[in-house]
Q: 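I'd like to ask some things about the structure below.
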Amino acid sequence: MNEKVNVEEIFGTNVFSMGVMRERLPKEAFDEVENIIENGGELSIKTADIVANAMKEWAIEKGATHYTHWFQPLTGITAEKHDSFVSHPDADGKVIMDFRGKELIKGEPDASSFPSGGLRATFEARGYTAWDLTSPAFIKETATGPTLCIPTAFCSYTGEALDKKTPLLRSLEALDKQAIRIVRLFGNTTAKHVYASVGAEQEYFIVDQQKALEREDLIFAGRTLFGSPAPKGQEMDDHYFGVIRERIGAFMRDVNVELWKLGVTAKTQHNEAAPAQHELAPIYEPSNIAVDHNQLVMETLKRVAGKHGLRCLLHEKPFAGVNGSGKHNNWSITTDDGINLLEPGVSPNENVQFLLVLACIMKAVDTHADLLRQSASDVGNDLRLGGFEAPPAIISMFLGEQLEDVVNQLVETGMAENLKEGGTLQTGVSTLPDFERDATDRNRTSPFAFTGNKFEFRNVGSGDSIGSPNTILNAIVAEAFCEAADRLEAADDLDMAIHDIIKEYMTKHQRIIFNGDGYSAEWVKEAERRGLPNIPSMVEAIPALTTEKSIKLFEKFGIFTKAELESREEILYEIYAKTINIEALTMVDMANKQIVPAVIKYAGDLAASVNAIKAAGGDDEAATALLKRVTGLLNLVQSARVNLSSIEKKGAAMDRGPEQARYYREKVVPAMEELRKPADELERVVGKDYWPFPTYADLMFEV
Ligand code: ADP
Ligand code: MG
């Protein structure tokens, strides 16, 4: 252990990067690839053959025997089907290692088992994968040996997106196009593209593998479905940023090395608020690559944990009673000549541009709060959002005191002349001060917070892909930019028109700004008064995808067709019902096979003890009371279990769709809670030696 790690030497060694391509491809082929990465288009089959060959040679040098089209179906995780480079042996029986351009650019996985929400049934039986040149190929080192992974989009034959990457790429294109129109209005003639950058902070829990394997709920549901809080939780704040334990440290070190090899800039690591909870953050990078890299981060955390005899839990709420895990999605937009549109600048021109961009984002978030809420919902996140720990389910924006003050002044007078905390600020067409980035000023309860030169969307679930949230974010901002650009390009007096539009948008959408405590009950009331949607769960969030407003947005920018949106809705309802169904069945199984027998055994021993005490003429009052309590709770467990079983069966027999999902949320989830309550109480009274699986204390404090 602890051999020296030379980061410079290992970083990116498993990536078929631009540098590697420049080195290994003939200039012409390289230029063609580079041009497509920048401007889009299709690779000629001739060049594809050259690239494929170079890729194969490189991969074989690294020990790879297989390649795979690596894609992101609507399950939320990645999929891969490995093919070896082996082809027909020649006449002498010598094997030929082969990889052609057509295999590089297009694959045809037999993908009929991936969720398609009826799309494939309607349009075409099979799907295909297509190389996404904007994300580099890489080699994954797993027990199957090094494998060349080619990031791909996954579509039906008629082009309907069956994955999370395709819409993301389309949304980036839309944002690029519309944002360029905005910067042109401010005299930028050099920028060719505008990119979204993303840095995703990943939270996770680590528990002992052996103990995790003793719990069916962790195996099947990824979270505990029973469990009474340990005497100690996170109330001492002694875990957050605490010294990293040796076993976890060794794990983190290996995770970093694996990620660095993959070109992932693992940067920050620390203990999080809850016991056994940690965080890893890479440095931000172009959105599409960040989405792929976040998948690699999740995969690597799980894989390396296994090697250390640990288990990584990416579920949003593995343990009741302590914080859950999320993924802060840091997002900004930058021109290819290096201007971050979310950075208040130094010249008046840049300042006004910043205010216009801000006004557009306020409009986007307010108009499509329901879509943003939906984009971050998954089954596990229901236990987190609005649970008084993570951001609330109500979408609002936090700007910080200074900036909020500027917005207030602009709304009131059309000018912002005073800067809070001194300094002069004249806006309209004048100058904004340098905003101080005040770390203490951060509002941790806000779902969508401005943090200096980026927005941080904090609702995303720890186990979820960041593909959808970023697709939505890019799309809604593209729409606001487009509407502003339409008006401004047609204006006679541009300065005046910009001024008016900033004032108009900020006035109309000021209600989305909230700097207070997002966990408070008052905010729920205040948000209702403001007319902001408060969408309590994933099931209620799903219809946001197919409102008229949403279909109009996505069709206008070619991000989703109506059919694609409907198919996604269908899949989400199904995922919800299936996930809860697995949880319900797991609870019934654990109750049947573990909890009930253990409690009966304990009660039996207790009864024998009561009799023995009585026979000896002792005072059996305490023992008898305990026996009564235990058997009383046991009866409750039994009836709740029977009830859950029958409720679950009805749900499983229903037709798929919104009604079934609602049934699971309204009927099955409460029945699960009914079973959990007496079982958790039993855990608190039954003798430790009798309890059939590791407790919260065992899992969270003994890693
Ligand atoms: P926090 O205090 O929330 O942990 P950090 O400053 O450490 O915030 O950054 C968190 C994440 O935000 C990191 O992944 C970082 O690279 C990313 N980030 C920083 N600046 C930007 C930016 N301009 N655009 C997008 N992401 C950014
Ligand atoms: Mg953060």
Q: Do Tyr204 and Leu280 come close enough that some side-chain heavy atom pair is under 4.5 Å?
A: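 They are in side-chain contact.
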Q: Would you compute the distance between atom OG of Ser171 and atom CZ of Phe554 and round it to the nearest 0.5 angstrom?
A: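 CZ of Phe554 is found 9.0 Å from OG of Ser171.
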Q: With distance as the sole criterion, is a donor-acceptor pair present between the side chains of Asn288 and Ser135 under 3.5 Å?
A: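 Result is no, nothing qualifies.
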Q: Taking all heavy atoms of Met18 and all of Phe30, pick out the closest pair and write down the distance.
A: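 Looking at all heavy atoms of both residues, the shortest contact is O-CE1, 3.6 Å.
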Q: Would you say the side-chain atoms of Arg373 pair up with the backbone N or O of Ile535, donor to acceptor, closer than 3.5 Å?
A: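 Pair found, side chain donor or acceptor close to backbone of Ile535.
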Q: Ring centroid separation for Phe138 and Trp70, is it under 6.0 angstrom?
A: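 Yes, the ring of Phe138 comes within the 6.0 Å limit of the ring of Trp70, centre to centre.
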Q: Side chains of Leu162 and Glu564, heavy atoms from C-beta outward: is any pair under 4.5 Å?
A: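 Not touching, per the 4.5 Å side-chain cut-off.
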Q: For atom CD of Glu489, is the number of surrounding heavy atoms from other residues, nucleotides or ligands below 6.0 Å larger than 12?
A: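 For Glu489, atom CD is crowded (more than 12 foreign heavy atoms under 6.0 Å).
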Q: Taking atom types as modelled, find out whether Asp163 and Thr166 have a side-chain donor-acceptor pair closer than 3.5 angstrom.
A: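 Thr166 and Asp163 do have a side-chain donor-acceptor pair below 3.5 Å.
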Q: Using the rule ring pair (Phe, Tyr, Trp, His ring centres under 6.0 Å), only one of Phe448, Tyr284, Phe398 pairs with Phe455; which is it?
A: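 The single option meeting the ring pair (Phe, Tyr, Trp, His ring centres under 6.0 Å) with Phe455 is Phe448.
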Q: Would Asn408 and Glu404 count as having a side-chain donor-acceptor pair, cut-off 3.5 Å?
A: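 Checked: Asn408/Glu404 side chains show no N/O donor-acceptor pair below 3.5 Å.
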Q: Answer with yes or no whether the side chains of Lys261 and Asn14 bring together a donor and an acceptor at under 3.5 Å.
A: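 No, no side-chain donor-acceptor contact under 3.5 Å.
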Q: Is it true that Thr190 and Asn188 share a donor-acceptor pair across their side chains at a distance under 3.5 Å?
A: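 Indeed, the side chains of Asn188 and Thr190 share at least one donor-acceptor pair under 3.5 Å.
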Q: Donor-acceptor pair, Trp331 side chain versus Glu456 backbone, under 3.5 Å?
A: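 No, because the side chain of Trp331 does not come within donor-acceptor range (under 3.5 Å) of the backbone of Glu456.
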Q: Between Asn515 and Glu401, does any side-chain donor sit less than 3.5 Å from a side-chain acceptor?
A: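 Short answer, no.
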Q: Check whether any side-chain heavy atom of Phe557 lies under 4.5 Å from a side-chain heavy atom of Glu173, and answer yes or no.
A: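 Phe557 vs Glu173: side chains apart.
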Q: Do the side chain of Arg511 and the main chain of Arg530 share a donor and acceptor less than 3.5 angstrom apart?
A: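 Indeed, once roles are kept as given, a pair shorter than 3.5 Å links the two residues.
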Q: Is the shortest side-chain N to carboxylate O distance from Lys549 to Glu479 below 4.0 Å?
A: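 Looking at Glu479 together with Lys549, the answer is no, because their closest N to O distance does not fall below 4.0 Å.
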Q: Can you tell me if Arg24 uses its side chain to pair, donor with acceptor, with the backbone of Met55 under 3.5 Å?
A: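 Not a single qualifying donor-acceptor pair exists.
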Q: Does a donor on one side chain sit under 3.5 Å from an acceptor on the other, for Asp464 and Asn381?
A: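 Looking only at side-chain atoms, Asn381 and Asp464 do not form any donor-acceptor pair under 3.5 Å.
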Q: If we count only N and O atoms by modelled type, under 3.5 Å, do the side chains of Asn294 and Gln202 hold a donor and an acceptor together?
A: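 Checked: Asn294/Gln202 side chains pair up, N/O donor to acceptor below 3.5 Å.
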Q: If I compare all heavy atoms of Pro151 with all of Lys165, which pair ends up nearest, and what's the gap?
A: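 Nearest pair, atom of Pro151 first, then Lys165: CB-NZ, 4.3 Å.
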Q: Please check if the side chain of Thr152 supplies one atom and the backbone of Ala130 the other of a donor-acceptor pair under 3.5 Å.
A: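 No, the answer is negative, given that no donor and acceptor are paired below the 3.5 Å cut-off.
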Q: If every non-hydrogen atom of Ser332 is compared with every non-hydrogen atom of Asn453, which pair is closest and at what distance?
A: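 Shortest heavy-atom separation between Ser332 and Asn453 comes out as CB-O, 3.7 Å.
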Q: Does Lys562 reach the side chain of Glu555, with side-chain heavy atoms less than 4.5 Å apart?
A: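 Side-chain contact under 4.5 Å: yes.
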Q: Do you know which two heavy atoms are closest between Asn340 and Leu342, and how far apart they sit?
A: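 Scanning both residues, the minimum pair turns out to be OD1-N, 2.8 Å.
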Q: For the pair Glu316 (side chain) and Gly463 (backbone), establish whether a donor and an acceptor sit closer than 3.5 Å, ignoring hydrogens and angles.
A: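 The answer is yes, because a donor-acceptor pair under 3.5 Å joins these two groups.
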Q: Side chains of Arg181 and Cys482: closer than 4.5 Å at any heavy-atom pair?
A: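 Yes - at least one pair of side-chain heavy atoms lies under 4.5 Å apart.
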Q: If only side-chain N and O atoms count, and only distance matters, is there a donor-acceptor pair under 3.5 Å linking Thr265 with Glu285?
A: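 No - no donor-acceptor pair under 3.5 Å links their side chains.
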Q: Quick one: do Asp500 and Arg487 make a salt bridge, cutoff under 4.0 Å?
A: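 The answer is no: the pair does not qualify as a salt bridge.
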Q: Would you check if the side chain of Asn474 reaches a backbone N or O of Leu175 as a donor-acceptor pair within less than 3.5 Å?
A: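 No; zero donor-acceptor contacts below 3.5 Å.
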Q: Would you indicate whether the side-chain heavy atoms of His328 and Val460 approach each other to under 4.5 Å?
A: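 No. Closest side-chain heavy atoms not under 4.5 Å.
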Q: Would you say the side chain of Ile339 lies within less than 4.5 Å of the side chain of Thr334, judging by non-hydrogen atoms?
A: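 Not in contact.
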Q: Is it true that a side-chain atom of Asp176 and a backbone atom of Leu172 form a donor plus acceptor pair closer than 3.5 Å?
A: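 No, because the side chain of Asp176 does not come within donor-acceptor range (under 3.5 Å) of the backbone of Leu172.
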Q: For Lys556, I'd like to know if atom NZ has over 12 heavy atoms of other residues, nucleotides or ligands within 6.0 Å.
A: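 Yes, enclosed.
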Q: Does some side-chain heavy atom of Ser550 sit less than 4.5 Å from a side-chain heavy atom of Leu565?
A: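 Of all side-chain heavy-atom pairs linking Ser550 with Leu565, at least one is under 4.5 Å.
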Q: Do Trp523 and Phe514 have their ring centres less than 6.0 Å from each other?
A: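 When the ring centroids of Trp523 and Phe514 are compared, they turn out to be within the sub-6.0 Å range.
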Q: Looking at every non-hydrogen atom in both residues, tell me the closest pair between Ile395 and Ala369 and how far apart they are.
A: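 Smallest interatomic distance, heavy atoms only, reads CG1-O, 3.5 Å.
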Q: Quick one: do Glu201 and Lys327 make a salt bridge, cutoff under 4.0 Å?
A: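 No, Glu201 and Lys327 are not salt-bridged.
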Q: Tell me whether Glu526 is salt-bridged to Arg529, with the criterion being a basic N under 4.0 Å from an acidic carboxylate O.
A: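 Arg529 and Glu526: salt-bridged.
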Q: Could you check whether any side-chain N or O of Ser462 sits under 3.5 Å from a backbone N or O of Leu314, counting only pairs where one atom can act as donor and the other as acceptor?
A: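 The answer is yes, because a donor-acceptor pair under 3.5 Å joins these two groups.
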Q: Looking only at the side chains, is there a donor atom on one of Thr47 and Glu32 sitting less than 3.5 Å from an acceptor on the other?
A: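 Yes, a side-chain donor-acceptor pair sits under 3.5 Å.
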Q: Tabulate below the donor-acceptor pairs under 3.5 Å that side-chain atoms of residues 33-40 make, not counting sequence neighbours, or state none.
A:
from: Asn35; atom 1: OD1; to: Asn39; atom 2: ND2; distance (Å): 2.8
from: Asn39; atom 1: OD1; to: His193; atom 2: NE2; distance (Å): 3.1

Q: For Ser325 and Glu203, which heavy atoms make the closest approach, and how far apart are they?
A: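 In this case the closest contact between Ser325 and Glu203 is CA-OE1, 3.3 Å.
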